[in-house]
Amino acid sequence: MPELPEVETIARGVDARVRGDRIVDVWFGSKREPFKTPAARQAKGLEGRTIVGVRRAGKHIVCDLGRPPGFQPLEKSSGRQGGAQWIVHLGMTGRLLVTTHDAPVAAHTHARLTLASGRELRFVDARRFGRLEFRDLGKSDGFGAPGAEPLRIGPQEFVALFRGRKLPIKAALLNQTLLAGVGNIYADESLFRAGLRPRRAAGRVTHGDLERLRLALRAVLEEAIRLGGSSVSDYVDAEGAEGFFQLEHRVYQRTGEPCLVCKTLIRRIVVAGRSTHYCPNCQK
DNA sequence: CATTTCACCTGGTGGC
DNA sequence: TGCCACCAGGTGAAAT
């Protein structure tokens with residue numbers, strides 16, 4: 001499932017392939033979801049614009065777009081005027097793929113953006129948890145993930161996120177308004193590496209333990225990005241290639257297997273409605 | 001407001 | 001072989 005490292009990998013791959021390309025035609029395969037913006041308005045907004053760049057914000061992929069064709073800037077306009085954004089959330093099973101125009105169309109393809117180069121940007125999502133949104137920057141603000149970026153947050157700011165909170169530390173890690181980009185895999189893996197039990201009340205974790213958690217989280221996310229993410233269900237990058245970080249998981253989906261550090265059997269519990277895996281010996 | 005629970009959705013899996 | 005209950009989980013709405 002795409003979390004921060006997977007979304008980062010996809011955004012980088014898509015950016016490398018479509019930056020500077022122009023959207024010449026838009027096709028949406030379904031009238032119902034995944035449209036956060038109505039399909040017709042989205043298609044109209046996208047057509048003719050140039051893709052300025054593609055980047056990750058939390059678990060979202062933001063495609064920054066140039067001015068629409070025939071745009072007349074007002075006098076004294078700022079450089080940003082006329083721009084727009086296409087925002088993709090992959091949900092659980094979403095894929096954002098760059099293909100040729102004649103590549104076979106996979107099942108559950110919901111969007112096809114034909115590009116001037118002959119390439120195509122496709123959104124495929126079997127489970128329909130993904131979301132597509134169009135923002136006209138003349139009418140609304142640019143997209144900003146609500147939570148802090150785990151790769152950039154500093155020690156004091158990290159401690160402040162959890163202060164006074166009674167919910168389990170794992171639930172806090174998953175809360176996107178606190179931290180943007182952490183999902184079930186990297187919550188479990190970072191808690192293991194920091195030696196913390198997932199159910200510890202967030203507000204009662206010591207500053208020292210929180211600093212260990214911040215560093216463990218950053219390390220695990222950076223390592224996962226280097227390995228192209230974790231392919232555990234449907235995840236593939238912009239080219240359709242799988243990642244390798246699933247081979248480095250120490251607790252996630254290892255229920256009943258021996259801990260790689262102490263041989264104690266990995267336990268599975270449910271926290272915040274999610275499968276949660278931990279070592280009862282290594283994590284206190 | 002803080003927190004918890006649940007519906008959404010479909011493919012894969014394991015039991016019989 | 002077929003059938004079916006069950007599980008996976010990011011998000012947001014509803015409930016507490």
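Chain identifiers are assigned alphabetically (A, B, ...) following the order of the sequence lines, protein sequences preceding nucleic acid strands; residue numbering begins at 1 within each chain. Here the structure is a predicted model, which is why all the values come from computation and not from measurement. Values reported hereafter were calculated over all heavy atoms of this structure, with side chains retained and with hydrogens, waters and symmetry mates removed.
Checked against B/dC9, C/dG10, C/dA8, the side chain of A/Leu174 finds its nearest nucleotide in C/dG10. With distances taken from any side-chain atom of A/Lys59 to the nucleotides B/dT4, C/dA8, C/dG10, the minimum falls on C/dG10. Taking the side chain of A/Glu3 as heavy atoms from C-beta on, and the options B/dC9, C/dG10, C/dT11, the nearest nucleotide is C/dG10.
Note: A/Phe28 and A/Phe123 fail the aromatic proximity criterion, with ring centroids not under 6.0 Å apart.
Put simply, A/Arg163 has no side-chain N or O that comes within less than 4.0 Å of OP1 or OP2 on B/dA2. The phosphate of C/dT11 has OP1 or OP2 within less than 4.0 Å of a side-chain N or O from A/Gln176. Residue A/Arg165 places at least one side-chain N or O closer than 4.0 Å to OP1 or OP2 of B/dT3. Between C/dG10 and A/His60, no contact under 4.0 Å exists linking OP1 or OP2 to a side-chain N or O.
For the pair A/Tyr252 OH and C/dA8 C1', the computed distance is 7 Å after rounding to whole Å. Between A/Leu167 atom CG and B/dT5 atom C1' there is a gap of 14 Å when expressed in whole angstrom units. Rounding to whole angstrom units, NE2 of residue A/His108 and P of B/dG11 are separated by 4 Å. Taking atom CZ of A/Arg95 as the reference point, atom C1' of B/dG11 lies 12 Å away to the nearest angstrom. When rounded to the nearest whole Å, the span between CD1 of A/Ile269 and C1' of C/dA8 equals 17 Å. Rounded to a whole Å, the NE2 atom of A/His89 is 20 Å from the P atom of B/dC8. The distance between atom CE of A/Met92 and atom P of B/dA7, rounded to the nearest whole Å, is 17 Å. In this structure, A/Lys36 places its NZ atom 13 Å from C1' of C/dA13, rounding to the nearest Å.
When the side-chain hydrogen bond (donor to acceptor under 3.5 Å, both in side chains) test is applied to A/Asp125, the partners found at least two apart in sequence or on another chain are A/Thr93. Listed by chain and number, the residues in a side-chain hydrogen bond (donor to acceptor under 3.5 Å, both in side chains) with A/His101 are A/Glu120 (sequence neighbours excluded).
Partner of A/Glu189 under the side-chain contact (heavy atoms from CB on, under 4.5 Å) criterion, out of A/Leu221, A/Val220, A/Asn184: A/Val220 alone.
Other residues, nucleotides and ligands contribute over 12 non-hydrogen atoms within 6.0 Å of the CZ atom of A/Arg200.
When the nearest nucleotides of DNA chain B are assigned to A/Ala272 and A/Ala126 by heavy-atom distance, the more 5′-ward of the two goes with A/Ala272.
You won't find any donor-acceptor pair under 3.5 Å spanning the side chain of A/Arg274 and the base of B/dT5, going by distance alone. Side-chain N/O atoms of A/Arg127 and base N/O atoms of C/dA8 include a donor-acceptor pair closer than 3.5 Å.
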